[in-house]
Undergrad: 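Structure provided below as structure tokens; questions to follow.
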Amino acid sequence: MTRAAPIALTLGDPAGIGPEIAWRAWRILHHDPGLCFFMLADPQHLARSIEAQAADIPLATINRADEAAAVFARALPVMSLQNPAQAAPGKPDPANAAAVIESIERAVSLARAGEVSCVATNPIAKHVLYEAGFRHPGHTEFLAALCADAGADGATKPPRSVMMLWSEGLAVVPVTVHIPLAEVPTQLTRDLIVETGRIVDRDLRRRFRIDAPRLAIAGLNPHAGENGTMGREEVDVIAPAIAQLQGEGIDARGPYPGDTLFHARARAGFDAALCMYHDQALIPIKTIAFDEAVNVTLGLPFLRVSPDHGTAFDIAGKGVARPDSLIASLRLGARLATGKA
Ligand SMILES: NC(=O)C1=CN([C@@H]2O[C@H](COP(=O)(O)OP(=O)(O)OC[C@H]3O[C@@H](n4cnc5c(N)ncnc54)[C@H](O)[C@@H]3O)[C@@H](O)[C@H]2O)C=CC1
Ligand SMILES: NCC(=O)COP(=O)(O)O
């Protein structure tokens with residue numbers, strides 16, 4: 001079995017379920033010959049999370065990513081952060097922002113140096129980071145900003161990153177992401193749809209090894225606008241974007257009414273659905289695959305995966321958080337890194 005360089009798993013919000021799903025994932029995966037990950041965390045905080053649930057999870061501090069493989073079968077490797085994480089489960093504190101951000105930045109720099117094969121992120125609570133002055137909507141945009149020097153103009157423009165939620169039976173892409181619903185119609189432009197479609201097409205080929213990706217494009221309005229009588233976005237924006245993508249040789253189809261795009265037979269007809277706003281994309285996939293879906297960022301010069309769920313402060317420290325989506329993320333990251341998708 002080929003094993004690529006290890007995966008770097010970030011801290012996420014230390015008051016959320018990230019720490020406990022990380023050690024639960026290690027408990028299940030540590031004998032997997034095709035996978036190795038380490039955590040960028042505060043080892044003392046991680047040890048407290050393990051002790052509090054009376055789990056028997058050995059930790060091994062590592063200084064370099066290439067030390068992870070040698071210890072992974074017997075201990076969860078941890079690379080220490082410079083900033084401490086002091087959080088109690090369920091009690092988020094903006095004072096931990098420095099550790100949360102350091103963890104993401106270091107994972108990205110290891111990925112860009114080729115020392116890790118993939119960045120896996122534990123969930124962050126956006127509003128907690130915003131209180132500490134964080135200026136990016138979420139990981140997706142922050143990761144792109146950290147690659148500003150790898151942008152299309154070769155200097156200062158960050159690459160455009162695209163969020164895709166992926167599971168074996170359904171992949172969805174929100175074209176607009178973390179914005180108020182009321183702003184969707186104005187932010188939804190032909191260029192945005194075309195640029196998103198190009199990135200999805202390219203990365204489904206390049207990362208997922210799909211030879212001829214089929215993109216289904218959702219409408220925005222009920223019945224995809226009913227020929228412009230229930231909203232004009234399909235006629236004025238979405239259909240022209242689809243025509244442009246088709247003109248570029250991309251198999252884009254639609255606009256399809258959102259309410260009939262996700263039943264089983266419809267799902268079999270496309271490789272990814274481009275949806276016009278966050279919940280149009282995330283409701284179907286979280287409904288049918290909450291424990292298996294993976295958030296994959298497309299458009300970056302490295303692989304990034306993440307569980308589909310958030311920080312789940314309501315259950316942190318209670319021993320009930322499921323590691324399934326993180327495990328699916330780590331497995332997908334390892335598969336994509338070795339070109340076996
Ligand atoms: N990739 C990321 O960093 C993400 C971060 N978030 C952040 O998470 C925070 C909380 O968001 P919510 O909307 O409450 O969603 P959430 O996913 O944290 O929780 C929703 C519900 O699902 C349950 N749940 C979530 N993960 C679970 C797991 N692994 N096992 C068992 N039950 C689980 C929770 O207990 C809760 O009842 C927000 O601040 C948001 O910004 C949300 C999604 C992704
Ligand atoms: N709802 C998905 C989500 O919040 C993930 O955002 P990101 O932190 O991966 O950009």
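Keep in mind it's a predicted model, so treat the numbers as computed, not measured. Positions are given from 1, in the same order as the sequence printed here. Counting starts at 1 for both ligands and their atoms, following the listed order.
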Undergrad: Taking all atoms of both residues into account, what is the closest heavy-atom pair of Ala41 and Leu11, and its distance?
TA: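 Nearest heavy atoms, Ala41 then Leu11: CB-CD1, 4.1 Å.
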Undergrad: Looking at atom 36 (C) of ligand 1, what's its closest protein heavy atom, distance included?
TA: Asp314 OD2, 3.5 Å
Undergrad: Pairs of nitrogen or oxygen atoms closer than 3.5 Å, one from Lys286 and one from ligand 2: do any exist?
TA: no
Undergrad: In the protein, what heavy atom is nearest to atom 10 (O) of ligand 2, and what distance, to one decimal place, separates them?
TA: Thr140 OG1, 2.6 Å
Undergrad: In terms of residue, atom name and distance, what is the protein heavy atom nearest to atom 20 (C) of ligand 1?
TA: Phe290 CZ, 4.9 Å
Undergrad: Determine, step by step, whether Arg267 and Glu168 satisfy the salt bridge (charged side-chain N to carboxylate O under 4.0 Å, His left out) criterion, reporting the C-alpha distance in whole Å, the side-chain angles of both residues, the deciding distance to 0.1 Å, and the verdict.
TA: CA-CA 11 Å; Arg267 293 199 300 270; Glu168 287 292 346; over 6 Å; no
Undergrad: Which atoms form the tightest heavy-atom contact between Met276 and Gln280, and what is the distance?
TA: N-OE1, 2.6 Å
Undergrad: Arg322 vs Asp291, test: salt bridge (charged side-chain N to carboxylate O under 4.0 Å, His left out). Steps then yes/no.
TA: CA-CA 8 Å; Arg322 296 177 65 112; Asp291 290 333; 3.5 Å; yes
Undergrad: Which residue supplies the protein heavy atom nearest to atom 1 (N) of ligand 1, what is that atom called, and how far is it?
TA: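 Here the nearest protein heavy atom works out to Ser306 OG, 3.6 Å.
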Undergrad: Please work out, at 4.0 Å between heavy atoms, whether the side chain, the backbone, both, or neither of Val128 comes within that distance of ligand 1.
TA: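 No part of Val128 is near ligand 1 at this cut-off.
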Undergrad: With heavy atoms under 4.0 Å as the rule, classify the contact between Ile124 and ligand 1 as side chain, backbone, both or neither.
TA: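 The answer is both.
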Undergrad: Starting from atom 27 (C) of ligand 1, find the nearest protein heavy-atom neighbour and note its residue, name and distance.
TA: Ile17 CD1, 3.9 Å
Undergrad: Give a yes/no on ligand 2: does Arg304 have at least one heavy atom closer than 4.0 angstrom to it?
TA: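 Checking ligand 2 against Arg304, which is what was asked, there is a heavy-atom contact under 4.0 Å.
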Undergrad: Give the residue and atom name of whichever protein heavy atom lies nearest to atom 33 (C) of ligand 1, and the separation in Å to one decimal.
TA: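 So the nearest neighbour among protein heavy atoms is Ile315 CD1, 3.8 Å.
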Undergrad: I need the contact type for Thr121 against ligand 2. Using non-hydrogen atoms and a strict under-4.0 Å cut-off, is it side chain, backbone, both or neither?
TA: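 Neither part.
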Undergrad: Which part of Val177 is near ligand 2, with near meaning a heavy atom under 4.0 Å away: side chain, backbone, both or neither?
TA: neither
Undergrad: Hey, is atom 13 (O) of ligand 1 under 4.0 Å from any protein heavy atom?
TA: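 Given the 4.0 Å cut-off, atom 13 (O) of ligand 1 does not count as touching protein heavy atoms.
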Undergrad: Quick one: do Arg253 and Asp251 satisfy salt bridge (charged side-chain N to carboxylate O under 4.0 Å, His left out)? Show the steps, please.
TA: CA-CA 7 Å; Arg253 308 167 197 181; Asp251 183 352; 2.8 Å; yes
Undergrad: Is atom 30 (N) of ligand 1 touching the protein, meaning some protein heavy atom lies under 4.0 Å away?
TA: yes
Undergrad: Distance to 0.1 Å, residue and atom name: give those for the protein heavy atom nearest to atom 6 (O) of ligand 2.
TA: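 For this ligand atom, the closest protein heavy atom is Lys126 NZ, 3.1 Å.
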Undergrad: Please examine the side chains of Glu248 and Gln244, heavy atoms only from C-beta on, and report whether any two atoms are closer than 4.5 Å.
TA: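 The answer is yes; the side chains approach within 4.5 Å.
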Undergrad: Do Pro123 and His309 touch side chain to side chain, with heavy atoms closer than 4.5 Å?
TA: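 Touching, per the 4.5 Å side-chain cut-off.
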Undergrad: Counting only heavy atoms, which portion of Thr311 has something under 4.0 Å from ligand 1: side chain, backbone, both, or neither?
TA: both
Undergrad: Looking at atom 18 (O) of ligand 1, what's its closest protein heavy atom, distance included?
TA: Ala312 N, 2.8 Å
Undergrad: Just going by heavy-atom distances, which of Lys286, Lys126, Arg322 is nearest to atom 4 (C) of ligand 1?
TA: Lys126
Undergrad: If you compare all heavy atoms of Asp308 against all heavy atoms of Lys286, which two are closest, and at what distance to 0.1 Å?
TA: O-NZ, 2.9 Å
Undergrad: Might you point out which heavy atoms bring Leu332 and Val294 nearest each other, and give the distance in Å?
TA: CD2-CG1, 3.9 Å
Undergrad: Can you report which non-hydrogen protein atom sits closest to atom 1 (N) of ligand 2, along with the distance?
TA: His278 NE2, 2.8 Å
Undergrad: How are the rings of Phe37 and Phe72 set relative to one another: parallel (under 30°), tilted (30 to 60°) or perpendicular (over 60°)?
TA: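 Because their plane-to-plane angle is over 60°, the rings of Phe37 and Phe72 count as perpendicular.
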Undergrad: Closest approach of Val173 and Val200, non-hydrogen atoms and distance?
TA: CG2-CG2, 3.9 Å
Undergrad: Side chains of Glu233 and Asn221: any donor to acceptor distance under 3.5 Å?
TA: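 The answer is yes; a qualifying pair exists.
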Undergrad: Taking only heavy atoms of Ala125 into account, list the atoms of ligand 1 that are under 4.0 Å away from them.
TA: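 By the 4.0 Å cutoff, the relevant atoms are 39 (O).
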Undergrad: Could you tell me if the side chain of Ile327 sits less than 4.5 Å from the side chain of Asp324, heavy atoms only?
TA: no
Undergrad: Does Phe313 come within less than 4.0 angstrom of ligand 1, counting non-hydrogen atoms of the residue?
TA: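 So Phe313 does not count as touching ligand 1.
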Undergrad: For atom 44 (C) of ligand 1, what is the closest protein heavy atom, and at what distance to 0.1 Å?
TA: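 That would be His309 O, 3.4 Å.
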Undergrad: Considering all protein heavy atoms, does one lie under 4.0 Å from atom 23 (C) of ligand 1?
TA: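 So atom 23 (C) of ligand 1 lacks protein heavy-atom neighbours under 4.0 Å.
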Undergrad: For residues Pro14 and Val100, report the shortest heavy-atom separation together with the two atoms involved.
TA: CD-CG2, 3.7 Å
Undergrad: Counting non-hydrogen protein atoms only, what is the nearest one to atom 17 (O) of ligand 1? Give residue, atom name and distance.
TA: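 Heavy-atom neighbour on the protein nearest atom 17 (O) of ligand 1: Gly310 N, 2.7 Å.
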